[in-house]
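Note that ligands are numbered from 1 as they come in the structure, with each ligand's atoms numbered from 1 the same way. Predicted model, so just to flag it, every value in this text is computed and none were measured.
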Amino acid sequence: MHVGGEAVTAEAGEWIDVVSAGRRSVTLARVPRGREADADKAVQAARAAFPAWRDLHFKERQKALGKVADALADAAEELAVLTAKDTGNAIRTQARPEAQTLVDLFRYFAGVAGEFKGVTLPAGERQLQYTRREPLGVVAGILPWNSPLMIAGFKTPAALAAGNTIVLKAAEDAPLTILRMAEIAAEFLPPGVLNVVTGYGAEIGEALVQHPDVDKVSFTGSTGVGKHVASAAGERLAHMSLELGGKSPSIVFPSAAQNPEMIDTLAQNLLLSTRFARQGQSCTAGSRLFIHADVYDQVLAAVSEKAAAMKVGDPLDEATDMGAIINEKQFNRINEYITDGKGQDGVQLAVDKSTDIPDDLDGFYQGPTIFSMGDNSWRVAQEEIFGPVLVAIPWTDRDEVIRMANDSHYGLAAYVWSDDLDEALDTAHRIDSGWVQVNQGGGQVIGQAYGGYKQSGIGREVSLEGAMEGFTQVKQINIKY
Ligand code: NAD
């Protein structure tokens, strides 16, 4: 682990083996199994580093974060390869873009470090009334395994640019890129500013959430664990933000599919939105596909053809489109959902590639499944599967499809596909989600507001405005001359 600028082991001397997701027989490394005492050490290191880091001129933090960005850029390929090994995400379609996003986020927040500033009130000639944006103190950033570098990038540079120090808790299934990131950054940051601990959520994760000296918990993970984290952090009135699960709707209007060329482009972009290239292990996956009945058959056929052609394989192979599922538990969970979906009345299978994979691969691999003629009430349409499974549902009436889209306790992302500005914007505005994309299906853009409605989360940290809200508190100063 990285604590106070040093590589450290766990106090109790325990370890966790890290197995390669794509090659289960390969143990990549072992990482310390941190517990309460280790959480405490990391928080103390972050606390000790806080005053000096906070008190720097912003230009100094900017310079340091800029150097970290440069060093991470130099190491981007190494980080991408490590991501592919650690998470099972395919190198070309997923791991490289993730490493690049981390670099971009460090550059962005280095650039805007001077914008964490307050305002003055025009309160008369004999008064100076102004606000300061002060950092919160020590932030605990709790990370999931699905795209660790990108999510560490959503938290770390923003928290540090604002003058906080941070303790990251890497996910037990994929901790290696986060440790490597900290190692690279250590050369440019004072000891204790960026710490990384490893171990199980119920042990060191819980200890961080409970720690009285952690001022903010920035959690990304499942809604179930998020609720527990929220109540534990709320109990001691710590600041918190939660980036949780999703079951995002994708709504296709006939205007987006007027001819074969449009249908082909649409299918390509829809495929991106399904996040099949990440084995569906993405919180923003457009996993409920509502296609208008007039173009249902053509659009579904085009998406299905492209999905079925995806190459499932070794995450390190450049030809691979879809890598490995993270672990056996997740693999079994996905298969339970597929069995459940296959048992629904009236279900049709547009793509059934869940077992159709080369058997020489030593990992949990799975091709896409697309259920057709689905119903929004089915479990596979309501619950987050976090696997390469899509449910296509026909619709005819705009109000009805918006009602179905909003009939979910999640509200993270959404996709609208239309060639008509009025219907596209009317739909985008009426969807209860924190992020709606029109006619595109890619990932988050640096600096955008990102976060969930409803049970998909609380807080926005990726935009400058969100980071100011999320990583500072406002102090008002009123002075009489
Ligand atoms: P998870 O909730 O099981 O674990 C997330 C992290 O929390 C891990 O580091 C884990 O060790 C830790 N943790 C577990 N119990 C804890 C506790 N009691 N106290 C503190 N920490 C604890 O999630 P996961 O399986 O790693 O990730 C998948 C989930 O994350 C999906 O639901 C997905 O939608 C969600 N996710 C959301 C976003 C987003 O931006 N909204 C991004 C990625 C993933």
Report task. Determine, stepwise, if the pair T177 / D86 fulfils side-chain hydrogen bond (donor to acceptor under 3.5 Å, both in side chains). Result -> CA-CA 8 Å; T177 56; D86 205 21; 4.5 Å; no
Query - Any N or O of G221 closer than 3.5 Å to N or O of ligand 1 - result: yes
Query raised in the report: Can you check whether E206 has an N/O within less than 3.5 Å of an N/O in ligand 1?
Result: yes
Query raised in the report: How far is atom 24 (P) of ligand 1 from its nearest protein heavy atom, and which residue and atom is that?
Result: W145 NE1, 3.4 Å
Report summary line: Filtering I204, N146, I326 for the heavy atom nearest atom 43 (C) of ligand 1 leaves N146
Query raised in the report: What do you reckon, does Y450 put a non-hydrogen atom under 4.0 Å from ligand 1?
Result: yes
Query raised in the report: Among protein heavy atoms, which lies nearest atom 14 (C) of ligand 1, and at what distance?
Result: G201 CA, 3.5 Å
Query raised in the report: atom 5 (C) of ligand 1: which protein heavy atom is closest, and how many Å away?
Result: T220 O, 3.7 Å
Report task. Considering only NZ, NE, NH1 and NH2 on the basic side and carboxylate oxygens on the acidic side, decide whether R35 and E14 come within less than 4.0 Å. Result -> yes
Requested in this report: Starting from atom 9 (O) of ligand 1, find the nearest protein heavy-atom neighbour and note its residue, name and distance.
Outcome: L143 O, 2.7 Å
Report task. Any atoms of ligand 1 less than 4.0 Å from a non-hydrogen atom of P144? List them with their elements. Result -> 26 (O), 27 (O), 43 (C), 44 (C)
Query - D321 with R92: basic N within carboxylate O range, under 4.0 Å - result: yes
Query raised in the report: Quick one: does ligand 1 sit under 4.0 Å from the side chain of T284, the backbone, both or neither, non-hydrogen atoms only?
Result: neither
**Report entry** Distance from atom 31 (C) of ligand 1 to nearest protein heavy atom, with residue and atom
**Finding:** E384 OE1, 3.4 Å
Query - Close-contact set for ligand 1 against L412 heavy atoms, below 4.0 Å - result: 41 (N)
Report task. May I ask you to list the atoms of ligand 1 that are less than 4.0 angstrom from any heavy atom of V209? Result -> 20 (C)
Query raised in the report: Cut-off 3.5 Å, side chains only: do K155 and S218 have a donor facing an acceptor?
Result: yes
Report task. Please say which of N195, V196, V214, V3 ends up in a side-chain contact (heavy atoms from CB on, under 4.5 Å) with V167. Result -> N195
Report summary line: The atoms of ligand 1 lying under 4.0 Å from a heavy atom of G205, numbered in the order shown, are 19 (N), 20 (C), 21 (N)
Report task. Considering only NZ, NE, NH1 and NH2 on the basic side and carboxylate oxygens on the acidic side, decide whether E318 and R96 come within less than 4.0 Å. Result -> yes
Query raised in the report: Looking just at side-chain N and O atoms, do H211 and D40 make a donor-acceptor pair shorter than 3.5 Å?
Result: yes
Requested in this report: May I ask you to decide whether D38 forms a salt bridge with R33, counting only side-chain N to carboxylate O separations under 4.0 Å?
Outcome: no
Report task. Keeping the roles fixed (side chain from E384, backbone from K247), state whether a donor-acceptor pair exists under 3.5 Å. Result -> no
Requested in this report: Do me a favour and list the nearest non-hydrogen protein atom to atom 2 (O) of ligand 1 with residue, atom name and distance?
Outcome: S222 OG, 2.6 Å
Query - Per-atom contacts, ligand 1 versus I151 - under 4.0 Å to a heavy atom - result: 42 (C), 43 (C)
**Report entry** Residue from Q281, R278, E98 passing side-chain hydrogen bond (donor to acceptor under 3.5 Å, both in side chains) with S147
**Finding:** R278
Query - Flag, side chain of T87 to backbone of A174, donor-acceptor distance under 3.5 Å - result: no
Query - Which residue and heavy atom of the protein sit nearest atom 42 (C) of ligand 1, plus the separation - result: C283 SG, 2.9 Å
Query raised in the report: If we only count N/O pairs under 3.5 Å, is G199 in contact with ligand 1?
Result: no
Query raised in the report: Stepwise, does the salt bridge (charged side-chain N to carboxylate O under 4.0 Å, His left out) test hold for E336 with R333?
Result: CA-CA 5 Å; E336 280 164 24; R333 214 176 98 91; over 6 Å; no
Report summary line: of all protein heavy atoms, closest to atom 28 (C) of ligand 1 is F386 CE2, 3.6 Å
Report task. Measure from atom 26 (O) of ligand 1 to the protein's non-hydrogen atoms and state whether any distance is below 4.0 Å. Result -> yes
Requested in this report: Output the list of atoms in ligand 1 that are nearer than 4.0 Å to some heavy atom of I142, sorted by atom number.
Outcome: 6 (C), 7 (O), 9 (O), 12 (C), 20 (C), 21 (N)
Report summary line: Ranking E172, E243, E461 by closest non-hydrogen atom to atom 11 (O) of ligand 1, top hit is E172
Report summary line: Between I142 and the options I204, V217, T220, the side-chain contact (heavy atoms from CB on, under 4.5 Å) test singles out V217
Report summary line: Checking I370, L300, D356, V303 against V351 for side-chain contact (heavy atoms from CB on, under 4.5 Å), the one that qualifies is I370
Query raised in the report: What are the atoms of ligand 1, with element, lying closer than 4.0 Å to any heavy atom of H228?
Result: 18 (N)
